[in-house]
Amino acid sequence: TKKIIIFPNLIKQGKYDPNIKKKDTFLISSRLIKRKNIDLALDNLLNVKNKNLQVFIIGDGPELERLKSKYKANKSKITFLGYLKNNDINNYYALAEFFVNLSDSEGMSNSLIEAMSFGCKCIVSDILENYYTAENHAIYYDKGDEFVLKIKESLKLNPKEISDYANSRFSIYSFESNQLRELYKIDNNNTSCWERK
């Protein structure tokens, strides 16, 4: 009906700055649980023959200590940052050239939206939720795909277009004030918390 307003996940607007981006830098930002397939992502990345490869993993969860132990021999390439506050996370979105999320399932991934808003080239699992969120602004991975080819595909993505798309679709600033007025109506007389008395 006309009375139902559906809001997607909203983010603060990100900014793509090509001067900040660091080539060959990958970011994983996720709750560290099994269905997120962090092992799959890291194993694929370590198979990439690139001596400049740098992977940052943001997040906490029951898998953190196991993953740190499993990949301790790769400390020069893989850095576990643990839990970070939003401003610190945004610094890594701004820095990373790529974002990777090979999760088995997602709702509407906030981390994907945030990464896109900062112009990251995103390689994500081939699931409907990710298609709905990123459309043609990401590269989709299915288990068994050649990950190096997905990285090569992602090089064709335009970071500025990715950022503009995410910010225009998911940034809180992109929503008109009348939509917010509808959300915050407090009685049947159309009195709104946005109106001054």
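In this text the structure is predicted, and so the values were computed from the model without any measurement. Start at 1 with the first residue, then count along the sequence.
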Where is the tightest heavy-atom contact between V100 and A41, given as atom of each residue plus distance? CG1-CB, 3.9 Å
Between K150 and D126, does at least one N-O distance fall below 4.0 Å, as a salt bridge requires? no
Taking NZ, NE, NH1 and NH2 as the nitrogens, is one of them in K160 or D17 under 4.0 Å from a carboxylate oxygen of the other? no
Heavy atoms, side chains only, cut-off 4.5 Å: are I123 and F147 in contact? yes
Establish, yes or no, whether the cationic atom of R66 lies under 6.0 Å from the six-membered ring centre of F80 and within 45° of the ring axis. no
Exercise: identify the closest heavy-atom pair between D24 and E97: N-OE1, 2.7 Å
Carboxylate-amine/guanidinium contact R31 E63, below 4.0 Å: no
Dump the intermediate steps for side chain to side chain contact (heavy atoms under 4.5 Å, CB included) on L46 and V55, then the final yes or no. CA-CA 9 Å; L46 289 172; V55 183; over 6 Å; no
Measuring from atom CD of E146 to atom CD of E153, what distance do you get when rounded to the nearest 0.5 angstrom? 11.5 Å
Non-neighbouring partners of L81 that pass side-chain contact (heavy atoms from CB on, under 4.5 Å), sequence neighbours left out: F56, I58, T79, L84, Y92
To the nearest 0.5 Å, what is the distance between CG (L32) and CG (D60)? 7.0 Å
Closest approach of S117 to A166 (non-hydrogen atoms, all atoms of both residues): N-CB, 3.6 Å
Within one Ile-Leu-Val-Met-Phe-Trp-Tyr cluster: F26 and Y16, side-chain cutoff 4.5 Å: no
A side-chain contact here means heavy atoms from C-beta on lying under 4.5 Å apart; do N91 and N87 qualify? no
Just wondering, do I38 and L42 contact through their side chains at under 4.5 Å, heavy atoms? yes
Between K77 and Q54, the two heavy atoms sitting closest are O-NE2, 3.2 Å
Where do Y141 and N130 land on the side-chain hydrogen bond (donor to acceptor under 3.5 Å, both in side chains) test, with the steps shown first? CA-CA 11 Å; Y141 172 88; N130 286 340; over 6 Å; no
Can you say whether the rings of Y93 and F99 are parallel (under 30°), tilted (30 to 60°) or perpendicular (over 60°)? tilted
Please tell me whether I57 and V48 are part of a single hydrophobic cluster in this structure, the criterion being side-chain heavy atoms less than 4.5 Å apart. yes
Ring centres of Y131 and Y140 under 6.0 Å apart? yes
Do N52 and T25 make a side-chain contact, defined as non-hydrogen atoms from C-beta onward lying under 4.5 Å apart? no
Which heavy atom in R169 sits nearest to a heavy atom in Y132, and how many Å separate them? NH1-O, 2.7 Å
Would you find a donor on one side and an acceptor on the other, under 3.5 Å apart, between the side chain of S125 and the backbone of D104? no
From OG (S111) to CD (E114), nearest 0.5 Å: 7.0 Å
Got a sec, which residues hit side-chain contact (heavy atoms from CB on, under 4.5 Å) with I162, two or more places apart in sequence or on another chain? M116, H137, L157
Surrounding CG of D142 (heavy atoms of other residues, nucleotides or ligands, distance under 6.0 Å), is the total greater than 12? yes
Would you give the length of the straight line joining atom OG of S154 to atom NZ of K152, rounded to the nearest 0.5 angstrom? 11.5 Å
Please say yes or no: joined through hydrophobic side-chain contacts below 4.5 Å, possibly via intermediate residues, are I139 and L149 part of one cluster? no
Write down the atom of P159, the atom of G119, and the distance for their closest heavy-atom approach. CB-O, 3.3 Å
Heavy-atom distance under 4.5 Å between the side chains of I113 and S109, does that happen here? no
Mind checking whether L67 and D39 have side chains closer than 4.5 Å, heavy atoms only? yes
The reported gap from OG in S105 to CG in L128 (rounded to nearest 0.5 angstrom) is 12.5 Å
Modelled atom types, side-chain donor and acceptor of N101 and E106, under 3.5 Å: yes
From F118 atom CZ to I20 atom CD1, the distance as rounded to the nearest 0.5 Å: 9.0 Å
S103 side chain reached by R35 side chain, heavy atoms, under 4.5 Å: yes
Quiz item: cation-pi between K121 and F98, 6.0 Å / 45°: yes
Can you tell if the side chain of L112 reaches within under 4.5 Å of the side chain of E129, non-hydrogen atoms only? no
